[in-house]
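Presented below is the structure to which this report refers.
Along the sequence shown, residues carry numbers from 1. Computation of the quantities below employed the complete heavy-atom set of this structure, encompassing side-chain atoms and omitting hydrogens, waters and symmetry-equivalent molecules.
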Amino acid sequence: MEYHVSKTGNDAALGSGDAPFLTISRAAQVAVAGDVVVVHAGVYREWVNPANGGTEDARIVYQSADDGEVVITGAEQVKDWKNEGGQVWTAEVDNSIFTQRNPFKEDLCGDWLFKGAFVPHLGDVFLNGKSLYEAESVEKLQNPEVWDQAKYAEDSKLVWYAEAGEKTTKFWANFGDADPTKENVEISVRPFCFWPEKTGLNYITVKGFTICQASPQWAPPTALQEGMIGPHWSKGWIIEDNLIYESKCVAISLGKDLDNGHDRGPKGKSKGGTQREQEVIFHALQGNWNKDSIGGHIVRNNIIHDCEQAGVVGHLGGAFSIIEGNTIYNIHHKRIFHGAEVAGIKLHASLDTQIRNNKIYGCYRAVWLDWQAQGTRISRNVFFDNLSEDFFVEVCHGPYLVDHNLFLSKMNFRNLAQGGAF
């Protein structure tokens, strides 16, 4: 069956070419193994939460109709801005706009997230598709100072602040010389763009979309590892030919799941993150983690940029995968917060995974393999203009192979592991 989705459609229609659905979410509820969902040009403000997976011989394919850009966004527009004097504007939204959680009420938190100048929230404010910088108080907006840690320092003078109440959330923002009543101003309202709530939905292809502006939580290996798009503990996804940008934390997450352990911050915890990480691994091994049911994904030919934690993450859920042909840049360029999970590609347990033919630049670091890089091959990648290392590997005994790469940043690689062949 081939289903069609169009901005002129109707979710009560048949979903055919002549009578398309209005939302991708409607198609995602009825599509089953072997079906193709063709999405026509337009902006789709929704969280696509597939109900079903495919099979190895009969995938479910979600693809652009190639008749214009298809945008799946986690943001909604805010138009009722009022000037407070100077360059500061205010707006207020009803909290019913937030589908799962209010990201302007939720703090960024999790293992290996380092303490910064203040605790940021999950939400973001966007001016013409580009996120502004969060400020710690309203007072910081009137005469904003350059955040000298930012890669693009002048951009850091465009700032916002929010206060979440029981019924409404109020925003203050300094848009510089821009008039928000005449520009496209949006706020992130959804944690995901394309993400199954259920685990075990296998063999899904997502091809040719623009995916942007969601607010997933910080993704250490001891938490759920949220991303704007990801297979959520399943097997055999293909994520290809997409433009993915402006995630609060992660663009593509290949793992892990909730049941193997989920910690959202060290408050009141007696265990360290490393101990929790060990427990996560044992829980997975005692559960359903194996090559027949988890991993084996393909992430290829995507353009990923302007995400503040990572372009691709995974822990056990990303094992046996191929990550190839992607261009990844501007990862962790704002640097309002920092942590030990920051890279263009950050994988734990990259077992038998191939990372090849990618171009990664302008990031904090390019590739970081952490714990259990066994059978991993890093080949024919080009790395440049990364602030820290092009390649960092630690806490593993291999074997892993690093061959035919161009390391062009100031620090080529840092090796805190064993069993590597360069």
Side-chain angles (χ1 to χ4, degrees), residues 5 7 23-25 28 39-50 62-66 68-78 97-101 103-104 108 120-134 152 155 158 160 173 180 183-196 206-219 226-231 239-254 299 301-313 326-334 336 344 362-363:
V5 180
K7 296 304 294 183
T23 66
I24 308 170
S25 295
V39 187
H40 296 269
V43 178
Y44 295 83
R45 299 183 184 276
E46 54 183 299
W47 165 20
V48 182
N49 179 7
Y62 296 82
Q63 65 184 35
S64 166
D66 201 25
E69 186 179 22
V70 179
V71 180
I72 307 174
T73 175
E76 294 286 346
Q77 291 180 310
V78 177
I97 197 173
F98 304 113
T99 57
Q100 185 179 24
R101 63 192 178 208
F104 300 96
L108 199 73
H121 295 91
L122 293 185
D124 262 322
V125 176
F126 305 92
L127 175 63
N128 296 325
K130 187 175 182 179
S131 63
L132 280 60
Y133 287 63
E134 184 176 3
Y152 306 105
D155 290 349
L158 302 180
W160 63 268
E183 307 292 342
N184 179 28
V185 179
E186 300 164 285
I187 60 171
S188 50
V189 303
R190 287 173 285 275
F192 314 114
C193 292
F194 200 111
W195 175 277
V206 183
K207 178 181 175 68
F209 298 102
T210 293
I211 296 170
C212 60
Q213 298 171 302
S215 57
Q217 180 61 274
W218 176 255
E226 298 178 358
M228 290 202 297
I229 176 173
I239 301 172
E240 63 181 351
D241 300 327
N242 302 289
L243 171 62
I244 309 173
Y245 65 91
E246 285 290 4
S247 171
K248 184 69 178 192
C249 291
V250 170
I252 300 173
S253 173
L254 301 179
V299 178
N301 300 336
N302 302 285
I303 298 173
I304 304 170
H305 68 88
D306 288 82
C307 301
E308 206 48 32
Q309 180 187 336
V312 182
V313 300
N326 303 285
T327 298
I328 303 175
Y329 65 96
N330 276 1
I331 302 300
H332 197 63
H333 69 87
K334 294 164 75 173
I336 290 177
C363 300

Value rounded to 0.5 Å, distance of CG in Asn302 from CD1 in Ile229: 8.0 Å
Check: Trp195 side chain, Trp47 main-chain N or O, donor-acceptor pair, under 3.5 Å: no
Matching residue for Trp160 among Phe104, Tyr133, Phe126 - test: ring pair (Phe, Tyr, Trp, His ring centres under 6.0 Å): Phe104
Distance, nearest 0.5 Å, that separates CD1 of Ile239 from CD1 of Ile244: 6.5 Å
Ring pair (Phe, Tyr, Trp, His ring centres under 6.0 Å) against Tyr329, all qualifying residues, sequence neighbours excluded: His305, Tyr361
Derivation of the side chain to side chain contact (heavy atoms under 4.5 Å, CB included) call for Phe98 and Ile187: CA-CA 10 Å; Phe98 304 113; Ile187 60 171; 4.2 Å; yes
Test item: side-chain donor near acceptor, Asp124 and Gln213, under 3.5 Å: no
Side chain to side chain contact (heavy atoms under 4.5 Å, CB included) between Leu122 and Ser188, worked out: CA-CA 9 Å; Leu122 293 185; Ser188 50; over 6 Å; no
Nearest atoms (heavy-atom pairs only) where Pro216 meets Lys248: O-CB, 4.1 Å
Distance-only side-chain donor-acceptor flag, Asn330 / Tyr152, under 3.5 Å: yes
Side-chain donor or acceptor of Asn326 paired with backbone N/O of Asn301 under 3.5 Å: yes
Considering all heavy atoms, the nearest Glu46-Ile24 contact: OE2-N, 3.1 Å
Stepwise side chain to side chain contact (heavy atoms under 4.5 Å, CB included) test for Tyr245 and Thr210: CA-CA 8 Å; Tyr245 65 91; Thr210 293; 3.6 Å; yes
Asp306 and its side chain to side chain donor-acceptor pair (under 3.5 Å) partner, picked from Lys130, His333, Lys334: His333
Partner residues of Phe209 under the ring pair (Phe, Tyr, Trp, His ring centres under 6.0 Å) criterion, sequence neighbours left out: none
Residues Glu76, Arg190; criterion salt bridge (charged side-chain N to carboxylate O under 4.0 Å, His left out); working and verdict: CA-CA 9 Å; Glu76 294 286 346; Arg190 287 173 285 275; 3.1 Å; yes
More than 12 heavy atoms of other groups within 6.0 Å of Asn128 CG: yes
Non-hydrogen atoms of Glu246 and Cys307 that approach each other most closely: N-SG, 4.0 Å
